[in-house]
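One structure is given here, and the rest of the page talks about it.
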Number of protein chains: 2
Amino acid sequence: MPRAGLNQQIVVREAARLVDEVGREQLTLAAVAARLGVALPSLYKHVRGADALAQKLSAFATAELADELMTAAVGRAGVDALRAVAAAYRSYARRHPGRYPATQRVPDPADPDHVAAGERAVGAVYAVLNGYGITGDAAVDAARTLRSALHGFVSLEVAGGFGLPRDLDRSYDEMIASLDAALRGWGSGRTS
Amino acid sequence: MPRAGLNQQIVVREAARLVDEVGREQLTLAAVAARLGVALPSLYKHVRGADALAQKLSAFATAELADELMTAAVGRAGVDALRAVAAAYRSYARRHPGRYPATQRVPDPADPDHVAAGERAVGAVYAVLNGYGITGDAAVDAARTLRSALHGFVSLEVAGGFGLPRDLDRSYDEMIASLDAALRGWGSGRTS
DNA sequence: CTCAGAAGCTAATTGCATTAGCCTCCGTCG
DNA sequence: CGACGGAGGCTAATGCAATTAGCTTCTGAG
């Protein structure tokens, strides 16, 4: 009986494919093992258990998302950067409906890669703000606003939380336009 | 052996208390049964199974949230209504960290109460928009923007997705101020 | 060639969900 | 008043997923 030749990365990537197909609720060691053609307990040689697999999946998906956001942001500024990052964010969630929710898990402090991926993703948001000249304490509030809008929209969309699928593209564009306006005037008329 | 005197509402309300204490991931028929002092299979006399309980919990939490949003909106308009509804929304999520995620489940079309609760919650959002004079097609986009921002913020907050808990109140105020500005000028400078 | 560790496996345990089928309480109707 | 029938609870049994223990075999370094 030849060995399957698994390692942690293969297991985690298979878990990522699985959740995109069946939803993150259905992530199960049994299903991952079946897809990899091994017995369930064999996975324990590569991951500590079901929760650890979910955490590694989160780290993987977060890194993937951060890469796409960074790629979208590079070489752009202002509204161009905002639009590009927002589009990349939504695109990732739509292409990976199971991985996207996994990115929302709080990074495990004991997993440096996970922490770094989270910081990279947030870094893309700060890069956008930088293009609007927003820095320092104000950037904290602006970043939270931007993250909230993007995450809120795509999580509602992916979950089917908006009624009809009609005109979602346009609604997203409108929201981004509002964000652009808000960021352009950030701080004006408020306690700086 | 006297009867426990359960009914569906009692079961669902106990489930609601449970998820607020231990998180929605830990919702289990076994735990609900234990808290109610009955054997696990007894619950099947009141709910169809674990998934049905989760759906009923969603309906219950959605109705509860809709009530609080409506109460906040009544008698107010414009930025006052926006602030009141936004505060009620966040308050609910913070007081009920397990119930809040349950409200994000898509209403079951086969459960009229669930559908009605969802419509009532969305109705509170439309009531706010109405106070800004936003109606018709434009309201669809504005409602999605508003829902995205509120849901995004509180879900990130409840999940611990923002780094430090520092100044969350202020960040929320800033976001609401941005929304107020966006709604006051809704449609201006964009394809109406 | 040897051998030690890594990678798989089977077996056994535990916990939750679900179904089947029994038993008893209690309100209603003769 | 008494019987009965359904509702509400229970125990027993099954199935699936997770986990742990301990065995076996491949494989690569010396």
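Throughout, a chain's letter reflects where its sequence line sits, starting with A, and its residues are numbered from 1.
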Side chains of B/D108 and B/H114 only: does a donor on one sit below 3.5 Å from an acceptor on the other? no
Distance in angstrom units between B/L27 CG and C/dA17 C1', rounded: 12 Å
How many Å lie between CD on A/Q8 and C1' on C/dA6, as a whole number? 15 Å
Can you list, pair by pair, the side-chain donor-acceptor contacts under 3.5 Å of residues 70-83 of chain B, counting residues two or more places apart and other chains?
| from | atom 1 | to | atom 2 | distance (Å) |
| --- | --- | --- | --- | --- |
| B/T71 | OG1 | B/D67 | O | 2.9 |
| B/R76 | NH1 | B/A72 | O | 2.9 |

Counting only side-chain N and O atoms of B/H46, is one of them less than 4.0 Å from OP1 or OP2 of D/dA7? no
Using atom CD1 of A/I10 as one end and atom C1' of C/dA7 as the other, report the distance to the nearest whole Å. 12 Å
Short side-chain N/O contact from A/S42 to OP1 or OP2 of C/dA7, under 4.0 Å: no
Can you tell me if A/S91 and A/R95 form a side-chain donor-acceptor pair at under 3.5 Å? yes
Calculate the interatomic distance between B/K45 atom NZ and C/dC22 atom C1'; express it in whole Å. 10 Å
Interface polar pairs with nucleotides 14-16 of chain C, N/O, under 3.5 angstrom:
| from | atom 1 | to | atom 2 | distance (Å) |
| --- | --- | --- | --- | --- |
| C/dC16 | O3' | B/T28 | OG1 | 3.1 |

Using the side-chain heavy atoms of B/P41, tell me which of these nucleotides is nearest: D/dG9, C/dG8, D/dA12. D/dA12
Rounded interatomic separation in angstrom, taking CG from B/L43 and P from D/dG9: 9 Å
Quick check on D/dT19: is either OP1 or OP2 less than 4.0 Å from any side-chain nitrogen or oxygen of A/Y44? yes
If only side-chain N and O atoms count, and only distance matters, is there a donor-acceptor pair under 3.5 Å linking B/D180 with B/Y132? yes
Is there a donor in the side chain of A/R105 and an acceptor in the side chain of A/S58, or the other way round, less than 3.5 Å apart? no
Contacts satisfying salt bridge (Lys or Arg N to Asp or Glu O under 4.0 Å) that involve residues 53-64 of chain B (not counting sequence neighbours) are B/K56-B/D111, B/E64-B/R99
